Amino acid sequence: MVFMRHYEVMVILDPSLDERTIAPSLDTFLNVIRTTGGNVEKVEVWGKRRLSFEINKNPEGIYAVLDLISTPDAVKELDRQLGLQETVLRTKVIRREPAKAAKVAARIAAKASAKAAKKA
Amino acid sequence: MSRVPKVERAPKRRVNLLRKEGITDVDWKDATLLRKFISDRGKIRSRRVTGLTPQQQRQVATAIKNAREMALLPYPSQGR
């Protein structure tokens, strides 16, 4: 059993791209994850957003966030391949702590139910 | 013997834990939230101003720095 971890990859893409083509083209990159036994949990395309500062003279960028469960090496390779792409302005890989996130979600749910109980 | 009259300073309670809004873990992607913790210059607000606990302040600070790298938040504007 290979060691699996949760990752969150954020990508900023060139704003001149067509937003509809982004999900499929990102998917081709994600094959690296899948072939190494990883799992793609979520692909979220935020769409075009203003950047706080210009990156490669672009005032805007298309944001996409990927949630993955994968081996460290596969993510590294994905990041490398994305970085080589000229349409990719920037990438960021962050480790997620699934246990912590679940705990937070549970706490929020508990709070919400408590509030609902109070209201009733 | 003259005593300088002590200036009574009403302890202005800082916004005290904006955080009590139920957020226990800061998400670095939540730019609208993080924007509340930076000055209009783009600098991270000090703990004295934010009233956060040390742990929270650290979380917020790293979240802001991550968000900056992805151009979600500005870097402190240069010059003066």
Side-chain angles (χ1 to χ4, degrees), chain A residues 6-15 41-67 79 82-83 88-116 118, chain B residues 11-80:
Chain A
H6 288 241
Y7 291 97
E8 197 169 50
V9 183
M10 191 189 256
V11 192
I12 304 181
L13 296 142
D14 196 281
E41 290 204 311
K42 204 164 66 181
V43 178
E44 211 177 330
V45 180
W46 286 8
K48 218 172 271 185
R49 266 177 80 117
R50 258 209 103 64
L51 302 174
S52 297
F53 45 86
E54 293 189 355
I55 300 178
N56 301 349
K57 311 275 180 221
N58 287 302
E60 287 183 318
I62 299 170
Y63 282 79
V65 182
L66 318 167
D67 277 7
D79 190 34
L82 284 171
V88 174
L89 300 182
R90 207 164 275 200
T91 62
K92 189 174 194 68
V93 179
I94 285 201
R95 269 242 327 266
R96 286 182 300 142
E97 299 295 341
K100 219 164 142 197
K103 221 162 58 187
V104 172
R107 209 177 306 150
I108 289 168
K111 213 179 216 174
S113 64
K115 207 179 251 176
K118 213 186 258 176
Chain B
K12 199 176 132 209
R13 218 47 231 138
R14 47 214 168 157
V15 205
N16 216 348
L17 294 236
L18 231 157
R19 185 50 33 111
K20 283 286 161 197
E21 313 301 339
I23 303 148
T24 43
D25 273 276
V26 190
D27 187 6
W28 112 90
K29 301 190 292 311
D30 191 352
T32 39
L33 172 74
L34 294 176
R35 241 167 232 280
K36 294 176 185 160
F37 296 102
I38 60 173
S39 69
D40 41 7
R41 275 258 153 110
K43 291 182 173 182
I44 299 173
R45 288 243 157 87
S46 73
R47 218 152 78 63
R48 204 176 3 211
V49 179
T50 57
L52 298 177
T53 67
Q55 291 86 341
Q56 290 171 331
Q57 179 74 11
R58 218 178 306 133
Q59 263 192 32
V60 167
T62 41
I64 289 174
K65 285 167 190 172
N66 276 332
R68 275 180 187 161
E69 280 192 44
M70 292 313 275
L72 295 171
L73 295 176
Y75 280 102
S77 38
Q78 226 56 57
R80 278 181 309 145

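Just so it is clear, the structure is predicted and the values come from calculations on it, not from any experiment. Proteins come first, then strands; the chains are lettered A, B, ... in the order of their sequence lines, and each starts at number 1.
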Exercise for review: Can you tell which part of A/Ile55 gets under 4.5 Å to a heavy atom of chain B, answering side chain, backbone, both or neither?
Suggested key: side chain
Point to revise | Where B/Met70 and A/Tyr63 come nearest, the two heavy atoms and their spacing | key: O-OH, 2.7 Å
Check your understanding: Taking everything shown except B/Lys65 itself, do over 12 heavy atoms lie less than 6.0 Å from its NZ?
Key -> no
Check your understanding: Residues in side chain to side chain contact (heavy atoms under 4.5 Å, CB included) with B/Asp30, at least two apart?
Key -> B/Asp27, B/Thr32, B/Leu33
Review point. Tell me, side chain or backbone of A/Ile94 under 4.5 Å from chain B's heavy atoms, or both, or neither?
Key: side chain
Review point. From A/Lys92 NZ over to B/Glu69 CD, what is the distance, rounded to the nearest 0.5 angstrom?
Key: 3.5 Å
Point to revise | Partner set under side chain to side chain contact (heavy atoms under 4.5 Å, CB included) for B/Ala63, not counting sequence neighbours | key: B/Val26, B/Trp28, B/Leu34
Study note, to complete from the structure: Bottom line for B/Ala67: the part with an atom under 4.5 Å from chain A's heavy atoms is neither
Practice item. Sort out for me which of A/Val11, A/Thr91, A/Leu89 touches chain B most, counting heavy-atom pairs under 4.5 Å. Key: A/Thr91
